[in-house]
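This structure is a prediction, so every number in the text was calculated from the model and none was measured. Residue numbering restarts at 1 for every chain, and letters A, B, ... go by the order of the sequence lines.
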2 protein chains.
Amino acid sequence: MATPAGPGARHHVPALHVHFTDTDALPFPTRSIARGDALYCAGEPLRSLYTVQSGCFKSVAAYPSANDDAVPHAQVTAFHLIDETLGLDGICTGHHESDAIALEDSVVRIMPVGILEPLCREYAPMQHALLAIMSAEIVRAARLALMLGTMPALVRVAAFLLDLSMRFDASGARPDTFDDVILPMTRADIGSYLGLELETVSRMLSKLQREGAISLHGRQLRIVDRTRLERIG
Amino acid sequence: MATPAGPGARHHVPALHVHFTDTDALPFPTRSIARGDALYCAGEPLRSLYTVQSGCFKSVAAYPSANDDAVPHAQVTAFHLIDETLGLDGICTGHHESDAIALEDSVVRIMPVGILEPLCREYAPMQHALLAIMSAEIVRAARLALMLGTMPALVRVAAFLLDLSMRFDASGARPDTFDDVILPMTRADIGSYLGLELETVSRMLSKLQREGAISLHGRQLRIVDRTRLERIG
DNA sequence: CGTCAGGTTGACCGCTCTCAATGCGGGTGG
DNA sequence: CCACCCGCATTGAGAGCGGTCAACCTGACG
């Protein structure tokens, strides 16, 4: 690897979901979404990008089975925590490519696309930030693909927990300490995201707990031995 | 799926690797790369984006194993055909996240990043095109992840062949008919991209041939029964 | 003609999926 | 307050897909 870095080097790009710090001053409107409701659905015309102010979302991409299965494969393609941006996948077609579902009662800041492009033409830092966010999203998706293509289940789960805890910590929104996280999604969501069945996720979590890397009660997760977890993931 | 579409609907976003049509008039310089050489390597500072004028590339992402394996997992994350753009993953960090290796003797058009952002601020269509390309790359990577997470080997290989043939056709560069393609990459490259071992790729190709969907001799591929292939992939 | 990279095919085994049973917690209504 | 239910989670047993190892084949090239 050409980028030298210390332990935990894999995560030297922690802010994969970058946020629009420069727009904090701008009076964008907000919108509240109840747990389980959709912020937008696949196929809808793209009206805005959204930044999570509170709560949490998952992006679900549906896959039209060629031979009209009644079960058109679907997969969670991303989780979006506080300060992270949703809707980027819709820019290319002008339509959303996935559903965005709230995992908790949530609030988002609305950035209409019609305003966004002219804004970026005026403010170079804003343009740069948008490009950086999109590029980071490309990198994030590519790493996910890499993980799904090459890593065994235990490694995927461990890496997922590390990534999630870092992002929760970055958001600074939780009273949780660095090592305490409440998982906002179900085992099925995690499994879908990682390309595993929910039973496999559960088994790997149990295994990590037996090995002393984590402790968990339901969705309450504590990272007991981060070093051990990093060695695995 | 909310977007209605005819057969082959999955590929209703054929131009996943969009190209800069609006810049054709601009006198960007070009560079030639010999087969097997690197256009850039991971970790290098991002100087330019590149559009393929002739030839073909693969992007290879290296993954630093936590416990310094001598074998730091690596995976092909993309193939880049004519008119498709390389280097987008480096915008977020200012450094390339992957190696770009030429699969044939190739020529690229060079677009310095220092010029790109000011240019996009002046020309709205160009800005829009760049955002569209990056968004499309996000969608492409997410779909790859989806496929690696949910599809069995035969489906992955079939979908890959369909995707590749469409992109070759879109480039219009080959004398090949729609159904004739010369695969520029090895079985190992395909396997790495699809999260499979090269033996599995070979087996799936043989199976598709036995079933009459394709015929292949080495890297010369002919799609005999596209409908059948689409039913699988 | 030998060598070597790339490709094909076979046999075996392990990881993960599948199916199924059980456990757990938080609601709601009797 | 308890019974019941329902979504979610855990755990086990068995099967299958794909990884692994190995042998062999093919074609290009010196």
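Proximity of A:Thr200 to the phosphate of C:dT16: no side-chain N or O atom is located under 4.0 Å from OP1 or OP2. Of the side-chain N and O atoms in A:Ser206, one or more sit less than 4.0 angstrom from OP1 or OP2 of D:dT11. The side chain of A:Arg219 contributes an N or O atom lying less than 4.0 Å from OP1 or OP2 of D:dA9. At D:dT10, one or more side-chain N or O atoms of A:Arg187 fall inside 4.0 Å of OP1 or OP2 (strictly under the cut-off).
Checking C:dT16, C:dA20, D:dT20 against the side-chain heavy atoms of A:Glu199 singles out C:dA20 as nearest. Taking every side-chain heavy atom of A:Ser202 into account, D:dA9 is the closest of C:dT16, D:dG12, D:dA9. The side chain of B:Glu197 sits closest to D:dT20 out of D:dT20, D:dG18, C:dT16.
For the side-chain contact (heavy atoms from CB on, under 4.5 Å) with A:Phe57, the lone residue among A:Glu84, A:His80, A:Met185 that qualifies is A:His80. Each of B:Arg35, B:Lys58, B:Arg219, B:Glu104 was evaluated against B:Pro184; a single residue qualifies, B:Glu104, per the side-chain contact (heavy atoms from CB on, under 4.5 Å) test.
In this structure, CE of B:Met147 is placed 13 Å from P of D:dG18, rounded to the nearest angstrom.
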> What does nucleotides 24-30 of chain D look like as a protein-contact string, B for base, S for sugar-phosphate only, - for none, at under 4.0 angstrom between heavy atoms?
Replying inline: -------
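Side chain to side chain, A:Asp83 and A:Gln53 fail the donor-acceptor criterion of an N or O pair below 3.5 Å.
Here B:Gly195 lies in heavy-atom contact (under 4.0 Å) with sugar-phosphate atoms only. B:Leu196 comes within contact range of the sugar-phosphate backbone alone, with a heavy-atom separation under 4.0 Å but no base atom that close.
Ionic pairing of B:Arg187 and B:Glu199 is not present here: no N-O contact between side-chain nitrogen and carboxylate oxygen is shorter than 4.0 angstrom.
Ring pair A:Tyr40/A:Tyr50 is parallel by interplanar angle, where below 30° counts as parallel and above 60° as perpendicular.
Enclosure of atom CZ in A:Arg222 is not indicated, since only 12 or fewer non-hydrogen atoms of other residues, nucleotides or ligands lie within 6.0 angstrom.
Between the side chain of B:Arg203 and the base of D:dT20 there is at least one donor-acceptor pair of N/O atoms closer than 3.5 Å.
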